[in-house]
Structure formats: C-alpha cells, structure tokens
**Student:** 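Handing you this structure, nothing more for now.
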Amino acid sequence: MPTMNLDQMLKTLETLPGRQFQVTPEQRAVIEHGTGPLWVIAGPGSGKTEVLVLRCLKLVCVDKLPPAAIMITTFTERAAKNIQDRMALYKEHLAKSDPTLKQVDLGLVRVGTLHSLCNDIMQEYRHPAYQNVRLLDEMEQPLFVYEHSLLAASNPPASQRPLWDNFDYLVDGWDPISGLRWNRAYFPSRWRRAHAAVNLFNHVAEDMLDVAKMKSAGGVWRVFADAYEQYVASLVDHFRCDFAHVQKRFLEFLATPRGAQFLKGNGTLEHPGLHHVLVDEYQDTNLIQEAIYLSLAEAHPHNLTVVGDDDQALYRFRGATVECMVTFDKACQRAWKISPKTVRQLRLMGNYRSHPRVVDWCSDYIESFDLMRKPGARAPGKPRLSPKSSITGNYTSVGLLERRNREDLADAFADLVQNLLKNRIVQLPSQCVLLLKSTREIRKWAKLYVDALDSRGISTYNPRSKALLQQEEIMAALGSLVEVLDPQGTAQVAVSGDGIQQMATGWRTTYRSVVRNYPALGDYVKKARQRIAAVPPNQLIMLSGAKGVLNFPATLQELFYHLLNHDPFKTWLDDPERTVRLGALTKAIEAYCSNPLPGRDTPTRGYLRTSATTPGEVSFNWRENFYYALVGLLVSQGLDQPEDEEELFPPDRLPIMTVHQVKGLEFPFVFVGGLMEDAEASSAHRLEEAVLSFRQTVPASQPFNADERALQDLARFYYVAYSRAQYALIMLATTSQVNEQRPAFGGQGRAWYRQRVTIL
DNA sequence: CTGGGTGCAGTTTTT
DNA sequence: CTGCACCCAG
C-alpha cells in the first residue's frame with residue numbers, strides 16, 4: 001500500500017489549480033505536531049484555518065488515522081462548511097496521486113460548531129437525558145422563557161423587585177415599542193424581563209456558575225437561583241434544550257458510560273474513539289466549551305489543538321472569554337494535572353495578507369493601549385506581526401481622511417473611491433469595503449456615504465440596511481394575518497398599553513394599501529373571516545381538506561401559508577430577497593406555534609379556536625396572546641435578516657459591512673468609518689463581573705474590571721477592522737472625532753496617532 | 001484644541 | 001427621555 005509522507009502531501013497540494021499556498025516552517029510545525037496539547041497563537045492573515053485543515057489532512061492521509069477519530073470545531077456554521085469544503089477539495093486532489101485515499105471517507109471527520117456536534121453526538125449515542133429533545137433557536141428560547149419562567153410572569157411576585165433593581169443594566173435600554181428608555185420607576189415589562197432572564201440563564205450554563213453557592217449567597221441571588229432551577233425544570237418537562245444547555249448536557253454526557261464509549265470507541269473504523277480535537281477561533285470560546293474540550297482530550301496524551309488570535313476576540317456578548325485563549329496552558333494544568341510547560345506553544349505571526357505598513361500599524365495600534373500590555377490581556381510573550389506579503393510600494397497604505405464635518409467627509413471618501421476607479425488602482429468597486437458599526441442607512445451611519453457614492457454613479461451593496469420589520473412584504477403579511485384573526489382590532493386595542501397596537505395598526509395600513517392592487521388577496525381575507533364567523537362558539541376552527549377527506553383543525557401556520565399563496569406574496573416569492581425575509585417571518589410563526597403551553601404536553605398554540613362568549617370570533621385569549629407573545633417578540637427582539645448561503649459580492653457595487661460580518665475576509669482597500677465611540681462597559685461586561693464569585697473555575701490571572709475589559713474589547717474590535725486591508729487602510733473621521741482621541745485612534749493620543757498615519 | 005449650547009436620533013454580533 | 005455628535009466661539 002503506497003503511503004504518503006507530509007512532504008509529498010504538501011507538494012501535491014501545491015499543484016492544485018488556483019491554490020497558491022506555500023507552507024512556511026512555522027506553519028509546518030503546526031501541521032507536523034505529533035501528540036499532546038498544542039496552543040497556536042496566530043495573527044490575522046497568517047493562514048491559520050488553512051493550517052488547521054492541513055493538519056487534519058495530515059492526520060488522515062499521512063498518519064492514517066480513521067477520519068471518525070478527529071473532531072474539528074469552529075465558531076459559525078459558515079466557517080464549518082468552509083473547512084469541510086476545503087478538506088474535501090484537497091483530499092480529492094491528493095487521491096489522484098494516492099488512489100488508496102479514495103477509500104477514505106472524510107465525511108466521517110466531525111466538523112461543525114461545538115453546539116451542533118454536541119447535539120448530534122448525544123442523539124447518535126442516545127443519551128437518555130437527551131431523547132426526543134428539541135433544540136430551541138434564538139426565537140424559541142425567549143418565547144419559552146416568556147411563557148414559562150417565573151421571571152417573566154405576567155404578575156410577578158414582589159420578591160422580584162430587588163432582583164430587577166440589581167440587574168437593572170440587563171433591563172435597561174431603548175424600547176422599540178414606546179420609543180423610550182426604560183424608566184426605572186416602573187417594574188420592567190414582561191418582555192424586558194424575559195430577555196434579561198434569557199441572558200442570565202445562558203450565563204449560568206456558559207460560565208458554569210455554582211447554583212448552590214448562589215442560593216447560599218441569599219438575597220437576589222437566591223431568588224434568581226430558584227428561578228433558574230424552575231426554568232431548567234420546565235425545559236426538561238417539555239423536552240426542550242437551549243443553546244447554552246446543550247453544552248451543559250454534553251459535558252454531563254461525557255461522564256456517562258455512553259460518553260466513555262464515544263471517547264474510547266470499540267476499535268472499529270466506525271467507532272474508533274476520539275483521538276484528536278482541533279479547535280479554530282479559540283479566542284471566542286466560553287468557559288463551558290473550554291471544559292468540554294478539556295474533557296474530550298482527557299485521555300493521555302491530550303491531543304487537543306487550539307488555534308486563535310486573542311486580539312480578534314469579538315464575541316463576549318455570546319459569553320465568550322479571551323481568558324480561555326490567553327491562559328490555555330493553565331487550563332490544561334488545572335484539568336489534567338500536567339505541567340503548563342508541556343503545553344506546546346507555537347506562533348503564526350507571519351502576515352501574508354497586507355502591505356507591511358498596514359501590518360505595522362495593526363501591531364502598533366494594539367500595543368499602544370496600556371491595558372493591552374498588562375499581563376493577562378494578550379497571549380503571553382506575543383510578538384509583533386511579521387509582514388510577509390508580496391505587496392510592496394511606497395504609496396499611502398495607512399491613511400486618515402479627515403474633514404471638518406460629515407458631509408465633507410462623505411464627499412471626500414466618494415471622491416477618493418472615484419479616483420481609485422478612474423486611475424485603475426482598483427478595477428471594481430467590490431475591491432473596496434466600507435466598515436461601519438451599523439450599516440443602517442440613516443444619517444448617523446451609512447446614509448451620507450451611500451448618497452455621496454450614489455451621486456458619483458457608484459452603487460453600494462448593503463443587504464442589511466433596513467430592519468426586517470420595516471420591509472413591505474413583512475408588514476403586509478402580518479397585516480393580512482391580523483385582518484383575518486382580529487378584524488375589529490378588539491384584542492389589539494386591549495394590548496395598547498405596550499404600544500404593540502401602533503405596530504399592528506401600521507401593518508393593517510400596509511395591508512390595505514397592498515390589497516387595493518391585489519383584490520384577490522382581499523377576497524381571500526374576507527372569505528377566511530366569514531368562515532371563522534360561521535363557526536359555533538368554543539370550537540376548533542376546521543379547515544376542509546380535499547373532497548372526502550376529513551376536516552382538520554386550522555392552524556396559524558396554515559392560514560399564513562394560504563395567505564402567502566395569493567398575490568402579491570406569490571409574485572414576491574420570485575424575488576430571492578423577499579423570499580428569504582418572508583422565510584424569517586415563517587420561522588418566527590412556527591416558533592410561536594411550537595412553543596409548548598405551560599402544564600400541557602403538546603403544543604396546541606397553533607390551533608385556532610372560537611370564542612366561548614362572542615360567536616364568530618377567534619378566542620379573545622388567543623388573540624391577546626398572539627399580540628403579547630408573538631408580536632411582542634417581533635418588536636422586542638426584531639427579526640433576524642438571514643444571510644445568504646454563499647453571499648458573493650456583486651462586482652460592480654461597493655460593499656458596506658459591519659466588523660462582525662467582515663471577520664475572516666480581506667479586501668484590497670478598506671475604509672473604516674464611525675470611529676467616534678468611546679469604551680463603555682456593556683451589560684455583558686457588567687454581568688461577567690457580577691457572577692465572578694460564583695464561577696467554579698477561578699480565573700488563572702487577575703481579571704480586569706468591566707471598564708477595562710470594555711476598552712480592551714473596543715481595541716480588539718478595530719484591530720479586526722484594520723487587519724482586513726490588503727493594499728490600503730483608510731480611516732474616515734471628522735476633525736472633532738480625531739480631537740476626541742477615541743480608542744479607534746490608538747491608546748496614546750493625537751500626536752502618537754499622527755506620527756503613524758498619513759493625513760489625507 | 002477645548003467648552004458649552006443645540007438638536008437629533010436611538011447598535012451590533014451568533015449558537 | 002437622554003446622551004452624544006456636531007459646530008462654533010474663544
């Protein structure tokens with residue numbers, strides 16, 4: 001049997017058409033690493049994901065490990081798919097020179113987000129505590145909490161008052177319904193409490209907080225701990241699990257006999273046990289994920305490879321802590337009782353992406369913050385990035401476009417882009433990107449830039465510029481629903497206290513203007529109303545099937561599908577963007593219908609029933625709950641604009657993106673605007689601090705306080721933005737913004753900044 | 001480059 | 001309702 005060695009593997013891959021990647025010695029060391037924990041500290045543009053893919057291929061193709069013995073996790077589904085595709089492509093190419101590889105099924109490598117793998121493995125191994133469990137998504141969890149948690153009770157006990165006083169920062173914020181901030185004199189609304197409770201419950205699981213310790217702490221902690229236990233019990237009662245608890249369940253699973261079976265295997269190719277765990281984006285890991293990884297690699301010699309860049313940690317809002325990346329050696333020591341020195345640290349600090357001056361700017365920038373130089377802020381002994389790209393030239397590669405006001409700035413930016421195009425420095429607008437904190441097209445954010453580009457004939461690509469609930473098709477669809485279910489708006493009026501009424505009234509208006517051009521929709525709505533009006537009191541509303549088939553109860557979903565089957569919705573569904581948005585609404589409606597009712601086994605929410613007292617109307621309670629729960633959810637959390645599967649940028653348009661969206665991407669010309677914000681501790685920062693004493697694992701280094709972490713996070717945020725640039729990085733700011741000396745300009749003031757950046 | 005008055009607009013991200 | 005960006009005066 002011909003075997004392939006690493007040199008042959010890498011050489012062969014160099015012949016793959018369209019792939020120009022030469023493995024450097026530092027990258028090779030990661031790929032080659034044998035057994036034992038490996039801690040890879042990588043910079044932006046260092047090829048870290050590529051190296052991880054190659055390491056996995058080496059384990060399979062050179063070391064001949066069974067694919068099922070390897071697990072690779074990443075942070076998003078999209079990144080997981082990317083790794084899977086790349087591995088499949090490379091393996092296919094390798095199989096051309098080593099036909100024995102044709103037998104290898106790379107599909108058996110466990111690639112995915114940790115959440116999805118936990119879910120899959122527990123189902124595969126029939127973990128008793130995870131049988132027939134439905135995993136709640138980001139819409140379903142808040143709805144479940146809203147209807148099941150004590151903390152979101154419609155009439156909460158007075159004992160909750162001190163709790164909400166204590167967690168006021170979780171409740172505070174802008175209310176999209178009333179258009180006002182929360183007034184602390186009032187008890188927080190049901191939805192505000194539900195969202196805050198979701199946040200708290202997730203933290204208990206993700207930070208692995210000690211609930212018993214909370215109880216003995218007494219006071220608000222006791223009240224909260226009781227509510228937490230009640231929530232977890234209802235999840236179990238109704239066979240539900242949320243994203244945070246799927247990880248907790250998995251950690252418990254690993255300690256069971258079936259878990260041991262999964263880890264050890266039975267010697268067959270299908271179940272070889274787990275030999276290697278490779279983790280990408282480790283800087284965005286949370287504490288329970290850290291515990292899972294350490295358990296997965298519990299067996300000697302602890303084959304756990306983690307790769308990440310602590311300076312690019314962006315996901316604290318999701319419970320992630322850079323701490324995991326920065327003190328990985330200490331975590332291994334704690335879990336496995338090994339010396340931290342045996343944790344091999346390798347660094348990938350070569351940057352193959354950007355002009356050397358961009359690279360230097362990124363290093364200067366991140367090191368300029370006093371707080372980033374303190375121990376525990378970054379991976380120990382982290383060196384500067386080392387510029388290795390082939391991009392050279394003595395042009396302005398790091399610049400500041402500074403103007404006296406925002407209009408002038410937007411014009412100067414658009415002029416610059418126009419000149420780049422005219423002088424053929426860039427061939428297409430899509431070689432540039434504009435990065436903003438928010439891409440919404442309002443004056444404060446993208447609008448001035450979009451207008452300035454527009455007037456010069458340059459169009460922009462900004463798919464998430466509008467809130468989903470503002471879209472015509474969403475408003476018309478919801479309008480037709482309420483026109484059928486609550487034609488008089490009586491229940492709508494009853495919930496007016498929450499301002500939901502205004503929202504629904506807006507939908508009705510949209511519906512009426514739409515129906516003027518599409519009378520068939522109006523006819524259907526009328527017919528549906530008449531049908532309901534004909535049903536006797538207190539009965540399920542039935543929908544007739546085909547001739548001879550029994551009637552079956554009408555559900556909210558069915559009504560919704562019927563409405564979508566009429567114009568203009570039918571025609572709108574030809575438009576992929578509208579289809580995606582209507583799909584998001586469909587998902588929300590399904591989430592609502594599938595939410596179990598407290599005290600019942602099956603979800604019956606979707607069934608429509610007539611009122612017991614008022615004939616011909618949908619039950620008042622049902623309508624009321626529809627507004628409070630479903631509409632309340634839509635307005636309090638908004639609908640997520642689902643991103644396109646494979647979003648390719650239209651070549652003739654200039655993309656406008658947020659920093660989170662651009663993570664992992666690179667662009668020849670990067671413009672960064674909206675540099676004005678100051679660091680302010682968010683609720684995530686404050687909550688982390690508040691629960692620190694209940695953590696089961698003591699932090700390995702002196703933790704920073706909430707304000708300090710807020711500033712570090714902001715520094716990292718712009719570091720991600722700045723390190724996307726290949727040829728040039730241009731910051732956009734008004735003079736007063738620069739004078740304010742915000743973190744985006746570095747931590748050392750104007751003079752320091754002006755020395756390093758060309759003023760345009 | 002700073003201070004104070006005015007006027008406008010109210011994130012973002014993901015399993 | 002606030003908070004903060006912006007602008008202008010000094």
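In what follows, chains carry the letters A, B, and so on, assigned in the order in which the sequence lines appear, proteins first and then strands, with residues in each chain numbered from 1. Values reported hereafter were calculated over all heavy atoms of this structure, with side chains retained and with hydrogens, waters and symmetry mates removed.
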**Student:** Can you tell me, in whole Å, how much space there is between the P of dT13(B) and that of dT2(C)?
**Tutor:**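 It comes out at 28 Å once rounded to the nearest Å.
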**Student:** Taking dT12(B) as the reference, what is the distance to dA5(C) when you measure between their P atoms (whole Å, please)?
**Tutor:**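 The answer is 15 Å between these two P atoms.
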**Student:** Taking the side chain of F243(A) as its heavy atoms from C-beta onward, which of dC4(C), dT13(B), dT15(B) lies nearest to it?
**Tutor:**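 Closest nucleotide among those given: dT15(B).
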**Student:** Go through dT15(B), dT13(B), dT11(B) for me and flag the one nearest to the H660(A) side chain.
**Tutor:**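 Nearest to the side chain of H660(A) among the choices is dT13(B).
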**Student:** If I take atom CG in residue L436(A) and atom C1' in nucleotide dA5(C), what distance separates them, rounded to the nearest angstrom?
**Tutor:**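 Value for this atom pair: 16 Å.
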**Student:** Polar atoms only, N or O, under 3.5 Å: list the protein pairs with nucleotides 7-10 of chain C and their distances.
**Tutor:**
unit_1, atom_1, unit_2, atom_2, d
dC7(C), OP2, R404(A), O, 3.3

**Student:** Quick one: N286(A) CG to dT15(B) P, roughly how many Å, whole number?
**Tutor:**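 The answer, rounded to whole Å, is 13 Å.
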**Student:** In whole angstroms, how far is the P atom of dT11(B) from the CD atom of E680(A)?
**Tutor:**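 Distance check: E680(A) CD to dT11(B) P gives 13 Å.
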**Student:** Under the salt bridge (charged side-chain N to carboxylate O under 4.0 Å, His left out) test, which residues partner E252(A), sequence neighbours left out?
**Tutor:**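 E252(A) satisfies salt bridge (charged side-chain N to carboxylate O under 4.0 Å, His left out) with R249(A) only.
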**Student:** Does T658(A) place a side-chain N or O at less than 4.0 Å from the phosphate oxygens OP1/OP2 of dT13(B)?
**Tutor:**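 Checking T658(A) against dT13(B): at least one side-chain N or O falls below 4.0 Å of OP1 or OP2.
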**Student:** For nucleotides 4-6 of chain B, tabulate all protein N/O to nucleotide N/O atom pairs closer than 3.5 Å, reporting atom names and distance.
**Tutor:**
none

**Student:** Provide, to the nearest angstrom, the distance between the CG atom belonging to D120(A) and the C1' atom belonging to dT15(B).
**Tutor:**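 In whole Å, dT15(B) C1' and D120(A) CG are 13 Å from each other.
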**Student:** How many whole angstroms separate atom CG of D678(A) from atom P of dT11(B)?
**Tutor:**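 Checked: the CG to P distance equals 18 Å.
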**Student:** Could you tell me whether F317(A) contacts a base, only the sugar-phosphate backbone, or nothing, with contacts defined as non-hydrogen atoms closer than 4.0 Å?
**Tutor:**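 Answer is base: heavy atoms of F317(A) come under 4.0 Å of a base.
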**Student:** Tell me whether the OP1 or OP2 atom of dA9(B) has a side-chain N or O from R440(A) closer than 4.0 Å.
**Tutor:**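 Answer no for this pair, as no side-chain N or O of R440(A) is under 4.0 Å from OP1 or OP2.
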**Student:** Among F369(A), Y753(A), Y365(A), which one satisfies ring-ring contact (aromatic ring centres under 6.0 Å, His included) with F745(A)?
**Tutor:**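 Going through F369(A), Y753(A), Y365(A) one by one, the ring-ring contact (aromatic ring centres under 6.0 Å, His included) with F745(A) is satisfied by Y753(A) alone.
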**Student:** If the plane angle is over 60° it's perpendicular, under 30° parallel, otherwise tilted; pick one for Y231(A) and Y228(A).
**Tutor:**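 Judged by the thresholds at 30° and 60°, the geometry between Y231(A) and Y228(A) is tilted.
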**Student:** What residues, two or more places apart in sequence or in another chain, satisfy salt bridge (charged side-chain N to carboxylate O under 4.0 Å, His left out) together with R110(A)?
**Tutor:**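 Expected list: E124(A).
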**Student:** Could you check whether Q737(A) gets within reach of a base, just the sugar-phosphate, or nothing at all, counting any heavy atom under 4.0 Å?
**Tutor:**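 Result for Q737(A) = sugar-phosphate.
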**Student:** Identify which one of L434(A), L729(A), V433(A) satisfies the side-chain contact (heavy atoms from CB on, under 4.5 Å) criterion when paired with F667(A).
**Tutor:**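 The side-chain contact (heavy atoms from CB on, under 4.5 Å) with F667(A) is passed solely by V433(A) among L434(A), L729(A), V433(A).
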**Student:** Could you pull out all residues at least two apart from R134(A) that satisfy salt bridge (charged side-chain N to carboxylate O under 4.0 Å, His left out)?
**Tutor:**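 Once residues adjacent in sequence are excluded, the partners of R134(A) under the salt bridge (charged side-chain N to carboxylate O under 4.0 Å, His left out) criterion are E140(A).
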**Student:** Contact class for Q247(A) vs. all strands (heavy atom < 4.0 Å): base, sugar-phosphate, or nothing?
**Tutor:**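 Nothing: the residue Q247(A), judged by heavy atoms under 4.0 Å, touches no strand.
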**Student:** Could you tell me whether the side chain of Q289(A) reaches within less than 4.5 Å of the side chain of V279(A), counting heavy atoms only?
**Tutor:**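 Result no, sub-4.5 Å side-chain heavy-atom pair not found.
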**Student:** Using a 4.0 Å heavy-atom cut-off, does R316(A) contact any base of the nucleic acid, only the sugar-phosphate backbone, or nothing at all?
**Tutor:**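 R316(A): no heavy atom of the nucleic acid under 4.0 Å.
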**Student:** Counting side-chain heavy atoms from C-beta on, which of dT15(B), dT13(B), dT12(B) comes nearest to S438(A)?
**Tutor:**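 In terms of side-chain proximity for S438(A), the closest of dT15(B), dT13(B), dT12(B) is dT12(B).
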**Student:** Kindly write out the residues that satisfy salt bridge (charged side-chain N to carboxylate O under 4.0 Å, His left out) with D451(A), not counting sequence neighbours, or none if the list is empty.
**Tutor:**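 By the salt bridge (charged side-chain N to carboxylate O under 4.0 Å, His left out) rule, D451(A) matches K447(A).
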**Student:** Would you mind telling me which of Y722(A), Y449(A), F413(A) makes a ring-ring contact (aromatic ring centres under 6.0 Å, His included) with F671(A)?
**Tutor:**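 The ring-ring contact (aromatic ring centres under 6.0 Å, His included) with F671(A) is passed solely by F413(A) among Y722(A), Y449(A), F413(A).
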**Student:** Can you find a side-chain donor-acceptor pair between N705(A) and H685(A) that sits under 3.5 Å?
**Tutor:**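 Result is no, nothing qualifies.
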**Student:** Please tell me which of the listed nucleotides, dT14(B), dT12(B), dT15(B), lies nearest to the side chain of K437(A)?
**Tutor:**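 The closest nucleotide is dT12(B).
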**Student:** Send over the distance from E206(A) CD to dT15(B) P, rounded to a whole Å.
**Tutor:**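 One finds 13 Å between P of dT15(B) and CD of E206(A), rounded.
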